[in-house]
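The shown structure was predicted, so the numbers you read here are calculated from the model rather than taken from an experiment.
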Amino acid sequence: MNEFIFGPGIVLVALFVAAGYTIYTFIKASHLERMAKIEKGIDTNAPSNKNRYLELKLGMLMVGIAFGLLLAYLIEKTLKIDEVVFYPSFMLLFGGISLIASFFWAKRIQKKE
């Protein structure tokens, strides 16, 4: 009676089924979008503007996370507090601030163009 019905094998199978279904749905949606573009006469090989400033966003995110880690380390060492909560909270805080800054920076670049 104390046996766990869902062992690691069942969980792994469920994980692979969910991942496979997600990949299948993504490929199917991409195909349907491409077919709709072809029907409307839109060039399917044209680059999209979705990831126009992706490098800027990722770069600023990495800098923000690094700054958050550095600041958390400095606070931990200077205040002699051994708290683990500084690291994830400062990473998320400065990562979010950098993403907001990258949004406004990309908006300003778009206005100039």
Side-chain angles (χ1 to χ4, degrees):
M1 287 293 208
N2 289 337
E3 291 183 28
F4 187 60
I5 296 172
F6 299 111
I10 300 284
V11 173
L12 283 175
V13 167
L15 179 70
F16 282 117
V17 167
Y21 182 73
T22 303
I23 291 170
Y24 168 75
T25 305
F26 177 75
I27 291 172
K28 185 176 178 182
S30 174
H31 175 71
L32 289 174
E33 180 183 9
R34 189 178 176 103
M35 296 310 292
K37 283 183 178 180
I38 289 173
E39 285 178 4
K40 290 184 179 181
I42 300 173
D43 184 19
T44 58
N45 294 327
S48 64
N49 289 334
K50 284 188 223 176
N51 299 328
R52 188 163 182 195
Y53 296 106
L54 181 64
E55 294 85 7
L56 173 68
K57 291 176 188 174
L58 287 177
M60 288 188 72
L61 177 65
M62 294 300 138
V63 169
I65 289 174
F67 186 71
L69 279 172
L70 179 66
L71 192 61
Y73 176 77
L74 291 175
I75 288 175
E76 181 183 9
K77 292 300 177 186
T78 57
L79 297 178
K80 306 267 194 269
I81 300 174
D82 191 26
E83 290 290 329
V84 183
V85 75
F86 282 128
Y87 291 98
S89 62
F90 274 63
M91 284 172 52
L92 291 172
L93 175 69
F94 286 102
I97 289 170
S98 67
L99 283 176
I100 292 169
S102 71
F103 170 76
F104 287 113
W105 197 352
K107 199 172 182 182
R108 187 172 49 172
I109 291 173
Q110 282 179 346
K111 282 184 182 179
K112 285 183 182 179
E113 291 177 355

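- Counting only residues at least two apart or in different chains, side-chain hydrogen bond (donor to acceptor under 3.5 Å, both in side chains) contacts with residues 94-105 are absent.
- Nearest heavy atoms, M91 versus L69: SD-CD2, 3.5 Å.
- Remark: Y87 engages E76 in a side-chain hydrogen bond (donor to acceptor under 3.5 Å, both in side chains) (not counting sequence neighbours).
- Residue V17 is found in a hydrophobic cluster whose other members, listed by chain and number, are V13; membership requires side-chain heavy atoms under 4.5 Å apart, directly or through intermediates.
- Cluster membership for I97 and F67, using ILVMFWY side-chain heavy atoms within less than 4.5 angstrom, is shared.
- Partners of M35 according to the side chain to side chain contact (heavy atoms under 4.5 Å, CB included) rule, which considers only residues two or more places apart in sequence or in another chain, are H31, I38.
- With sequence neighbours left out, I42 forms a side chain to side chain contact (heavy atoms under 4.5 Å, CB included) with K37, K40.
- Scanning for side chain to side chain contact (heavy atoms under 4.5 Å, CB included) contacts around A106 gives Y53, L56, with sequence neighbours left out.
- Other residues sharing a hydrophobic cluster with F103 under the 4.5 Å side-chain heavy-atom criterion for ILVMFWY residues are I100, F104.
- Looking at heavy atoms from C-beta onward, M60 lies out of side-chain contact with L99 at the 4.5 angstrom threshold.
- Put simply, Y73 and I65 are part of the same group of oily side chains (I, L, V, M, F, W, Y) that touch within less than 4.5 Å, one to the next.
- With sequence neighbours left out, the side chain to side chain contact (heavy atoms under 4.5 Å, CB included) criterion links I75 to L71, L79, F86, F90.
- Applying the side-chain hydrogen bond (donor to acceptor under 3.5 Å, both in side chains) test to residues at least two apart or on different chains, none of the pairs has a partner in residues 15-27.
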